[in-house]
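Shown next, in structure tokens, is the structure this report addresses.
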Amino acid sequence: MSEKAKVVVSGCFDLLHAGHIAFLKEASTYGDLYVCAGADDNIRSLKGHEPMFSQQERTYVLNSLECVKEARVSGGRGMLDFLPDLDELKPKYFVVNHDGHSDDKKAACDERGIEYKVLERIPAEDFPARSSTDAKANLAMPYRLCLTGGWMDQPWVNKLVPGGVITIQMEPSRRYIDRSGMATSTRKTAEKIWGKRIPGGKPETVAELLFACENPPGTKYVSGSQDALGITCPGINLLEYKEGEFWPHGITRIDDPETMDWLQKVIHFVEIGPRPDGYDPLTEQNLTKEGAQRLADATTLAWQGIQNKDVHALAKGVHETCEAWRMLLPNTVPADVQAFREKYAAETLGTSTSGC
């Protein structure tokens, strides 16, 4: 009988669930299945947090599955930590699910003559479709996306030109890595105070408490109030700042399902990794009225785009926000991040980062 083809899959496989099992079973139909699980230190580096289960425990559980020929700790580091294993095992197939596909993975397989297979995320049996990040994020504190106008909530910017910031409260359908511009430090403070749920009451009042806890007297860098407001205020919010103020003088909210559904369809996220240790966006400053006006105008345009469901206006506002950051605080968009933006320029209407 001829030897079965070798099949390789990779991932963290932290908090194994039915979605993992369905994926592994389908991948194993191509041949003997080898699973490369991310090393603990690589998960810490890429995701900014500890894995829920150690690499020894994760590979032990994976090796217990009938559909798995061998589970091992990935031999490399970075997003392509499985490359040394591909070179050793020389599989016929490398299999990913739709969410795990990337051009870099495909290119690595093409270079090695390995067939690259992309599977749709299909739930096992009658269970709902799941990912491990879904399971971890369940019953968790919301995230905040700063869509446009970030830094306008700082008095040293809005004293030049008053303007607005658009924030979106995001239900935690996945876990975002620390230091990724998603207000994760403010979110952690909220979890220390309240656990996994925002307390009842007026969202703006709850945000004031969170802002005060995160910025006690003597704080060197006062975090922007849009972080606290973005986490506690539901829907899409326009925060309007007067000259020299930490707190907005007005908040306008859009929370109708039609608009929010439209916004979810036109915004796309691409992970580029966390901010490096020691990173400080404030070390180089070019605080000009021209740059602050450009930032304020970007939010005005994006807000009009959201109100009218005009994706071109929204995209231009998002893009202009990032360009204004480059003018005001160049280190907010370092060269490697700008190169990443340019990589996607041809297939998007506009790009920005989720924060500094």
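Numbering starts at 1 and runs along the sequence shown.
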Problem set entry | NZ-CG distance between K105 and L80, expressed to the nearest 0.5 angstrom | 7.5 Å
For this session: Could you tell me whether the side chain of D40 and the main chain of S54 form a donor-acceptor pair under 3.5 Å?
Result: no
Exercise. Which is it for Q285 and L329 under the side chain to side chain contact (heavy atoms under 4.5 Å, CB included) test, yes or no, and what are the steps along the way?
Worked result: CA-CA 5 Å; Q285 300 183 17; L329 298 164; 3.6 Å; yes
Exercise. Is a salt bridge present between E323 and R326, judged by a nitrogen-to-oxygen distance below 4.0 Å?
Worked result: yes
Exercise. Roughly how far, to the nearest 0.5 Å, is CG of L238 from OG1 of T148?
Worked result: 8.0 Å
For this session: Tell me whether Y344 is reachable from V266 by hopping between hydrophobic residues (I, L, V, M, F, W, Y) whose side-chain heavy atoms are closer than 4.5 Å.
Result: no
Problem set entry | Spacing of F13 atom CZ and L65 atom CG [to the nearest 0.5 Å] | 9.5 Å
Exercise. Atom CG of L301 and atom NE2 of H319: how far apart are they, to the nearest 0.5 Å?
Worked result: 12.0 Å
Exercise. Any sub-3.5 Å donor-acceptor pair from R112's side-chain atoms to D87's backbone N or O?
Worked result: no
Problem set entry | Verdict with supporting geometry, C36 and V8, side chain to side chain contact (heavy atoms under 4.5 Å, CB included) | CA-CA 7 Å; C36 300; V8 170; 3.9 Å; yes
Problem set entry | Counterpart residues, side chain to side chain donor-acceptor pair (under 3.5 Å), relative to R72 (two or more places apart) | E70, D85, E88
Exercise. Any side-chain donor paired with an acceptor under 3.5 Å for Q226 and T167?
Worked result: no
For this session: Would you please test T353 and F340 for side chain to side chain contact (heavy atoms under 4.5 Å, CB included) and show each step?
Result: CA-CA 10 Å; T353 62; F340 204 89; over 6 Å; no
Problem set entry | Under 3.5 Å side-chain donor-acceptor pair for Q55 and R58 | no
Exercise. Should the heavy atoms of other residues, nucleotides or ligands under 6.0 Å from OH of Y60 be counted, would the total exceed 12?
Worked result: no
For this session: Verify side chain to side chain contact (heavy atoms under 4.5 Å, CB included) between F211 and L229, making sure each step is shown before the conclusion.
Result: CA-CA 8 Å; F211 181 74; L229 286 161; over 6 Å; no
Problem set entry | From SG (C12) to CG (N42), nearest 0.5 Å | 8.0 Å
Exercise. Is the backbone N or O of G164 less than 3.5 Å from a side-chain atom of T299, with the two atoms forming a donor-acceptor pair by type?
Worked result: yes
Exercise. Between S225 and Y241, does a side-chain hydrogen bond (donor to acceptor under 3.5 Å, both in side chains) hold up when you go through it step by step?
Worked result: CA-CA 10 Å; S225 59; Y241 292 86; 2.7 Å; yes
Exercise. Should V270 and V333 be counted in the same cluster of Ile, Leu, Val, Met, Phe, Trp and Tyr side chains packed under 4.5 Å apart?
Worked result: yes
Exercise. Can you list the residues that meet the side-chain contact (heavy atoms from CB on, under 4.5 Å) rule with T219, with sequence neighbours excluded?
Worked result: N215, P216
For this session: Look only at the side chain of N308 and the backbone of Q304, and say whether a donor-acceptor pair between them is shorter than 3.5 Å.
Result: yes
Exercise. Distance from L86 atom CG to E111 atom CD, nearest 0.5 Å?
Worked result: 11.0 Å
Exercise. According to a 4.5 Å side-chain heavy-atom criterion applied to Ile, Leu, Val, Met, Phe, Trp and Tyr, with indirect links allowed, do L89 and L33 form part of one hydrophobic cluster?
Worked result: no
